[in-house]
Amino acid sequence: MSTDRLLNALAEPNRRALLDALTQTDGLSISELGATLPHLGRHAVLKHITVLEDVDLVKTVKTGRVRRCHLNPVPLLELAGRWTDLYGRTWGGALLALRARATTPPEPSRPTKEPTMPDRVFSIVIAAPIERVWQALTSSEDTVHWYFGNTVESSWEPDTPITYRGPDGEPDIEGTVLLADPPHVLRTTFRPIWSAEVQGGEDTVVEWRLERDGALCRVTVTHTGLPAEGQVTSEVGQGWTLLLSGLKTLLETGQPLTA
């Protein structure tokens with residue numbers, strides 16, 4: 001991705017406004033996005049969305065007759081990587097989250113069952129064969145270098161367990177394989193247990209979709225069923241951008257994404 005193209009796309013105020021709208025509510029339709037910029041017509045909104053799609057800042061998914069738009073923050077993380085390392089971005093994000101929590105008034109109590117948010121979609125293009133990317137998803141020799149130091153255990157058969165273990169050997173994520181179609185689709189349930197703050201919720205679903213594009217591979221991660229708010233959603237949103245950036249760095253340079 002050209003840095004100039006990315007910066008040019010962000011330079012237009014209406015495009016930034018569209019990204020702001022998706023930050024507030026991901027998965028909006030074209031019509032819903034148009035309502036946030038009533039001074040623009042549908043055609044103009046579509047043109048701005050196309051520009052944002054071309055630089056991978058937005059991923060559109062057609063659901064029936066509705067075209068929904070998802071914010072893809074991975075290119076922004078790659079841009080930040082020009083001037084910061086992984087630990088700088090992680091700590092910077094943590095400090096910004098702390099400031100937001102400290103300055104945001106407490107919300108009134110909500111119903112016991114939390115509403116879910118639209119699918120979260122993250123995408124990146126990796127200069128590696130699709131088979132090599134699949135290997136990196138399913139082999140502990142690779143995951144330990146890009147999945148926050150986690151190893152992965154699974155037979156990759158439907159209805160069998162999948163476990164990601166942290167550097168201390170304790171499980172961080174548990175789930176069940178729903179579909180494994182190498183080297184194209186891996187779909188699993190996702191139950192985070194890496195801290196007390198993220199435990200206790202319902203299982204969600206993560207799908208990895210790999211698409212061959214010549215010598216390149218497009219990787220799209222779709223996370224379904226996340227709560228509309230909460231610790232899991234906050235940590236997962238930042239986590240996927242870091243993971244995809246780490247996967248790309250490992251496969252394109254042979255080096256883990258570290259400080």
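Worth knowing before you read on, the calculation uses all heavy atoms, side chains too, and leaves out hydrogens, waters and symmetry mates. This is a predicted model, so every value here is computed, not measured.
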### Message
Tell me if the CG atom of Asp168 is crowded by more than 12 foreign heavy atoms within 6.0 Å.
### Response
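Yes - once you tally the heavy atoms of other residues, nucleotides and ligands closer than 6.0 Å, there are more than 12.
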Are any of the side-chain heavy atoms of [X] and [Y] separated by less than 4.5 Å?
| X | Y | value |
| --- | --- | --- |
| Leu57 | Val51 | no |
| Asp181 | Arg187 | no |
| Leu22 | Leu28 | yes |
| Leu40 | His48 | yes |
| Val236 | Phe190 | yes |
| Gln231 | Gln199 | no |
| Thr220 | Glu211 | yes |
| Ile30 | Arg67 | yes |

Same cluster or not: [X] versus [Y], using hydrophobic residues (I, L, V, M, F, W, Y) connected whenever any side-chain heavy atoms lie under 4.5 Å apart?
| X | Y | result |
| --- | --- | --- |
| Val219 | Val152 | yes |
| Phe148 | Val221 | yes |
| Val58 | Leu7 | yes |
| Leu18 | Val121 | no |
| Val61 | Leu52 | no |

### Query
Between Arg120 and Asp26, is there a salt bridge with N-O shorter than 4.0 Å?
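Result for this pair is yes, salt bridge flagged.
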### Message
Between Lys59 and Asp119, does any NZ, NE, NH1 or NH2 come within less than 4.0 Å of an OD or OE carboxylate oxygen?
### Response
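So Asp119 does not pair with Lys59 through a salt bridge.
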### Message
Apply side chain to side chain donor-acceptor pair (under 3.5 Å) to residues Ser139 and Glu141 and explain how you reach the verdict.
### Response
CA-CA 5 Å; Ser139 165; Glu141 287 77 8; 2.6 Å; yes
### Task
Show your working on side chain to side chain contact (heavy atoms under 4.5 Å, CB included) between Glu207 and Thr224 and close with a plain yes or no.
CA-CA 8 Å; Glu207 180 183 275; Thr224 303; over 6 Å; no
Where is the tightest heavy-atom contact between [X] and [Y], given as atom of each residue plus distance?
| X | Y | result |
| --- | --- | --- |
| Arg68 | Gly27 | NH1-O, 2.9 Å |
| Ser154 | Val177 | OG-CG2, 3.4 Å |
| Ala11 | Arg16 | O-NH1, 2.9 Å |
| Arg191 | Asp203 | NH1-OD2, 3.1 Å |
| Leu33 | Ala21 | CD2-CB, 3.9 Å |
| Ser29 | Val66 | CB-CG1, 3.6 Å |

Between [atom1] of [X] and [atom2] of [Y], what distance do you get to the nearest 0.5 Å?
| X | Y | atom1 | atom2 | result |
| --- | --- | --- | --- | --- |
| Leu19 | Asn14 | CG | CG | 11.0 Å |
| Leu226 | Glu235 | CG | CD | 12.0 Å |
| Ile126 | Leu251 | CD1 | CG | 5.5 Å |

### Query
Should Asp213 and Val125 be marked as a side chain to side chain contact (heavy atoms under 4.5 Å, CB included) after you check the CA-CA gap, both sets of side-chain angles, and the distance that decides it?
CA-CA 9 Å; Asp213 184 6; Val125 175; 5.7 Å; no
### Side-chain donor/acceptor of Thr176 to backbone N/O of Thr189, under 3.5 Å
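Flag not set: sc Thr176 to bb Thr189 has no pair under 3.5 Å.
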### Query
Trp146 and Thr143: side chain to side chain contact (heavy atoms under 4.5 Å, CB included), yes or no, with the steps?
CA-CA 5 Å; Trp146 66 270; Thr143 59; 4.0 Å; yes
### Task
Applying side chain to side chain contact (heavy atoms under 4.5 Å, CB included), run through Asp172 and Tyr147 and close with a yes or a no.
CA-CA 11 Å; Asp172 280 350; Tyr147 207 111; over 6 Å; no
### Query
Is there a donor in the side chain of Thr60 and an acceptor in the side chain of Glu53, or the other way round, less than 3.5 Å apart?
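Their side chains do contain a donor-acceptor pair, which is all the 3.5 Å distance test asks for.
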